[in-house]
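We count ligands from 1, going down the list as the structure has it; atoms in each ligand are counted the same way.
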Amino acid sequence: MRNLLALLLILLAAGCHSTKENSTYSTYPIQDVKLSQVKLTDSFWLPRIQLIQNTVISHAFDKCNTEGRIENFQTAHRVMNGGEGKVRGTMPFDDTDVYKILEGVAYSLVNNPNPALEKYSDSIISIIALGQEPDGYLTTWRTIDPMNPTSEWVPGGPRWDHLEISHELYNSGHLFEAASAYHWATGKDNLLNIALKNADLLVEVFGDNGMNAVPGHQIVETGLIKLYNITGKEDYLKLSKKFLDLRGDTSTRNIWGATNIQDHKPVLQQNEAVGHAVRAVYMYAGMTDIAVMYNDSDYVNAVNTLWDNMTDKKMYLTGGIGARHHMEEFGDNYELPNLTAYSETCAAIGSVYWNERLFRMTGDAKYFDLLERTLYNGVIAGISLDGTHFFYPNPLESDGKFEFNKGSCTREEWFDCSCCPTNLIRFIPYVPSLIYATEGKDLYVNLFMGNEASLKLNDKEVQISQTTNYPMDGKINIEVSPAQPSEFTMKVRVPGWVNSDIVPSALYHYVDEKPINYTVAINGETITPDVNNGYIDIKRKWKKGDQIELDFPMHVRQVVADTKVENLQNQIALEYGPFVYCAEMIDNPTDFDNIRLNNNDNYQVIRQTEMLGDINSIELKDNGNSYTFIPYYSWANRGVDKMKVWFPQAN
Ligand code: FUB
Ligand code: ZN
C-alpha cells in the first residue's frame, strides 16, 4: 500500500514538472539501474548504508543544529523581514552540509523507509525555504550580512561579488543535487521548488543574456543538468554548458587565471589535472555530461586527456587524488607523497561520480576498475567503523605526529569545514545504484555485492540477484531470471585486480605481472569466456533461474610504482582483492619502522572478525618477526598510531 502511494506521489510529481520530450540532446548510451530497483542484502555494504541512516545522519543533523547551520536559514528569514541577526559557522558554504545530508536521507529512504526521518527532513526543508529570498537567491551568509562573512578569507560585498570564493554557485549546485535526489526518492517537490526558484534566478543573472561569469567551485554544472533532466527546461542545460565554456576563456571574460580553480585556460584545452582536486573532478563530471548531451567530440577528447593524465601520473594507489595540503590541490606529475598526501575524501567521491559517467559514455570497464579501487580504499577510509569520526585528508602514511587531519593525527567527529562527512552521507546510500547498468540488450554487472534487483532490458522484465561474500572472497553467484526466456548479453566485469594492470596506466603494476586465473560457469558448466573491454560477455537465451558462477581467486599481490614517483622507488605495497593494505603500529609494536617486503615473501591471509569488524588480515613471518597488515580503509580505528601503505623492498 505504502509503495502504491509512493508511486502515485511520484507520478503526480512528475506530472507537475514537464519531463523532457523530443529532446534534441543526446543521453548516455548506457543507463543506470536505479537504487529503487536494487535491494541490497550484502554483509559489507548494507551495514554501512544502515550506519549512515541510523547513526551518521542524526550525528550530522545534530552538528548542523548546534553549530548554527540550520539557524542561519531562520536568521536569513528574520533579516529579510527587517529583523536582526548574525551568521553563525565558519564557511561560506555551511548551507551545503544541510543539503548534502538531505541528499543522503533521500537515497537512504528508498530501500529503507523511515517516516520519522522523512518528517524531520521535511521540517528542515521548510526552514531552508524560509532562508530563500523572494527572487530565489539562497546563500544565507550573504542574506544575513553581506559585508561580514564569517570566513575572513571571503571579502564582504553584494551578491555574486568575488564568485571565485563566495561559494554562492557551489551552494546552488549542492542544493540542486539534493533537490533532485529528494524529489526522485520521495516524490515530493518541497526541496525541488526551492531549487528551481534558485535555478531560475541563475538563468536570469548568468544565462544567455546575463553576466559572463563562472563559479569558483564547480558543482552547479552537474546540478543544473539534474534539474534539466527533471524539468526539460533547456535554459538549465545551456547555463551549465555556458559555465564550462566560459572557464579560462579570455575572449568572453576577465579570467581569474588561477590553476587552482581551473580557470587558467579554456576547459577544452586543459590537458593536465591541476588545481583543487574536488573542484577538478566535479568539473570533469560536468564536462562528461556535456560531452554526451551535446554529442561533442571536443569535450570527449578533453575528458579523456584529463583522465589519462590523472591516472597515469597523479593518482594514489587507493584511487585518492590531490597530493598537496596547500590549496587542496593536485601536485605535479608523479608528485605523490605519502605522509603529506591530501587525498581528500570528497575528491575520491568526486572521482567516483566522474568515472561512473565515463563508463556510461563508453562501456569501458577501466572506469569501474578505478571506481572500485577508489570505493574500497580512498572513499570508505574517510569514515570510522562506528560512523562517528572522519578523515578529511587520507594520507598513505602516518608518523603519529603530523596533524594531517585538520589539526589532528586521527579521525575527527566533525570539522569547521565539514564537506567530507556530509559528502560520505550523500554518497554511501547511493552505492547500490552503481552495481548494474543496461544498454539495449546488454546487462552490465559492474560491482559485486549481495542484492536482488528487478530491471528492464529492452522493455522486458529481468530479475537478477547476487549471492557473494565479496570483497572477503571472490566467489560470486549471479542468478538471472527473465520473465520470459530471452536472448541478451550479460556483461560481467572482470575486476581490475584480477588482471595484470592495476588501472590501464604505467603508474602502478603488480610485481608478478600475471593475471589471476579465474573461472566462469553457467548452470554448473565451466565456460571459456569471451572478454571484451574488460567484460565477460555471455550471450545466450537466458531463462528463469540460470546461474552464473564466478570465481576470482584472491591472492596477496605486491605492487610497485613507476620509478618516476621518487618517494616510491624500491617500495612495495600489498593488495588482496580490491583492498589496498597497510600496517599499523598497534599490530606491529616491536618492529614497525623496519618492516621490509621481499618478492619471495610468503603471506598468509586470516579472516578476523574481532579486530576491525570483519576483515582479512595479511600475516607475514620474516626472520623470526611476524607482521600484520590490515585493509587500508580500516586504519585509525584504534587510536593515534603510525601507519604505512608502502614498505621498503628488502635486498
Ligand atoms: O570549498 C568547498 C569544499 O570545502 C571543497 O570541496 C573542499 O575541498 C573544502 O575546501
Ligand atoms: Zn571534503
Novice: Within this structure, what is the CD1-OG1 distance for the pair Ile425 and Thr55, rounded to the nearest 0.5 Å?
Specialist: 10.5 Å
Novice: His217 heavy atoms, cut-off 4.0 Å: which ligand 1 atoms fall inside?
Specialist: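 Numbered from 1, ligand 1 contributes 1 (O), 2 (C), 3 (C), 5 (C), 6 (O).
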Novice: In Glu344, what N, O or S atom is nearest to the Zn ion (ligand 2), if we give its atom name?
Specialist: OE2
Novice: Find all atoms of ligand 1 within a distance of less than 4.0 Å from any non-hydrogen atom belonging to Glu344, and give their numbers and elements.
Specialist: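 Answer for ligand 1: 7 (C), 8 (O).
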Novice: With heavy atoms of His276 as the reference, note each atom of ligand 1 found under 4.0 Å away.
Specialist: 5 (C), 6 (O), 7 (C), 8 (O), 10 (O)
Novice: Which of these passes side chain to side chain contact (heavy atoms under 4.5 Å, CB included) with Asn309: Asn333, Val274, Asn271?
Specialist: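 Output: one option passes, namely Asn333.
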Novice: Scan Glu328, Arg324, His325, His276 and name whichever one has a side chain to side chain donor-acceptor pair (under 3.5 Å) with Tyr342.
Specialist: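 Looking at Glu328, Arg324, His325, His276, the match for Tyr342 under the side chain to side chain donor-acceptor pair (under 3.5 Å) is Glu328.
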Novice: Pull out every atom of ligand 1 sitting under 4.0 Å from any heavy atom of Tyr170, numbered as shown with elements.
Specialist: 2 (C), 3 (C)
Novice: Do His174 and Arg426 have side-chain heavy atoms sitting under 4.5 Å apart?
Specialist: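 Yes, their side chains come closer than 4.5 Å.
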Novice: At less than 4.0 angstrom from any non-hydrogen atom of Val278, what atoms of ligand 1 do you find?
Specialist: 6 (O), 8 (O)
Novice: Going by the order shown, which atoms of ligand 1 are within less than 4.0 Å of some heavy atom of His167?
Specialist: 1 (O), 2 (C)
Novice: For the Zn ion (ligand 2), does an N/O/S atom of Cys417 lie at less than 2.8 Å?
Specialist: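 No - counting backbone and side chain alike, Cys417 has no N, O or S atom under 2.8 Å.
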Novice: May I ask you to decide if the ring planes of Tyr376 and Phe44 are parallel, tilted or perpendicular, using 30° and 60° as cut-offs?
Specialist: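 Because their plane-to-plane angle lies in the 30° to 60° range, the rings of Tyr376 and Phe44 count as tilted.
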Novice: With the threshold set at 4.0 Å, does a side-chain nitrogen-carboxylate oxygen contact exist between Glu575 and Arg373?
Specialist: yes
Novice: Only heavy atoms of Cys417, strictly under 4.0 Å: list the atoms of ligand 1 that pass.
Specialist: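 Checking each atom against Cys417, I get 4 (O), 9 (C).
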Novice: Cationic tip of Lys406 within the cone over Phe415's six-membered ring, i.e. under 6.0 Å and within 45° of the normal?
Specialist: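 No, a cation-pi geometry is absent between Lys406 and Phe415.
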Novice: Mind checking whether Cys417 and Tyr392 have side chains closer than 4.5 Å, heavy atoms only?
Specialist: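 When only atoms from C-beta onward are counted, Tyr392 and Cys417 do touch, with a gap below 4.5 Å.
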Novice: Test of understanding: given a 4.0 Å heavy-atom threshold, classify the contact between Tyr392 and ligand 1 as side chain, backbone, both, or neither.
Specialist: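 Just the side chain.
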Novice: With the Zn ion (ligand 2) at the apex, how many degrees lie between SG of Cys419 and SG of Cys346, rounded to 10 degrees?
Specialist: 110°
Novice: Tell me the protein heavy atom at minimum distance from atom 10 (O) of ligand 1, and give that distance in Å.
Specialist: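 The answer is Glu328 OE1, 2.6 Å.
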